[in-house]
Peer 1: 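Have a look at this one before I ask anything.
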Amino acid sequence: MSQRQDQSQDGSRNGSHANNAAPPPPPPASYGQPPPPHADTGFDVVDQPGTFMGRQLASWAERFGASLIDALLIVSPALAAMIY
């Protein structure tokens, strides 16, 4: 057997061994609640309306208040520049 065939069979090249390979990366960290089990249809079970990843979504009043705060933060530097 030639040297090239010997290298391809045992997976080594130039003295390096297959055992020196880096270990596989760890699985990604989970976020939120674990996913619900699969239904008989093969699709994931979706969240109920008003929830996302098992958490309750904000009400319309909370969303409107947050948009007013965002608008104030966006406009305030321009107002401050005009005043000073």
Side-chain angles (χ1 to χ4, degrees):
M1 225 190 287
S2 69
Q3 185 178 6
R4 174 178 254 166
Q5 289 174 342
D6 290 339
Q7 288 177 352
S8 64
Q9 285 181 354
D10 65 4
S12 63
R13 280 188 87 121
N14 298 331
S16 64
H17 299 287
N19 294 339
N20 290 338
S30 62
Y31 180 77
Q33 295 179 348
H38 294 283
D40 293 336
T41 60
F43 295 102
D44 286 338
V45 177
V46 296
D47 288 328
Q48 296 297 321
T51 60
F52 180 71
M53 293 179 61
R55 293 181 173 232
Q56 185 71 29
L57 296 176
S59 67
W60 284 106
E62 293 169 333
R63 293 175 66 182
F64 182 72
S67 65
L68 290 177
I69 293 172
D70 291 341
L72 180 64
L73 291 174
I74 291 169
V75 173
S76 61
L79 292 176
M82 289 190 313
I83 293 172
Y84 296 109

Peer 1: Going from CD1 on I69 to CD1 on I74, what distance comes out if it is rounded to the nearest 0.5 angstrom?
Peer 2: 12.0 Å

Peer 1: First locate atom OG of S76, then atom CD1 of I83, and finally report the distance between them rounded to the nearest 0.5 Å.
Peer 2: 10.0 Å

Peer 1: Under a 4.5 Å side-chain heavy-atom rule over Ile, Leu, Val, Met, Phe, Trp and Tyr, are M82 and V75 clustered together?
Peer 2: yes

Peer 1: For residues W60 and L57: do they belong to one hydrophobic cluster (side chain heavy atoms under 4.5 Å, members Ile, Leu, Val, Met, Phe, Trp, Tyr)?
Peer 2: no

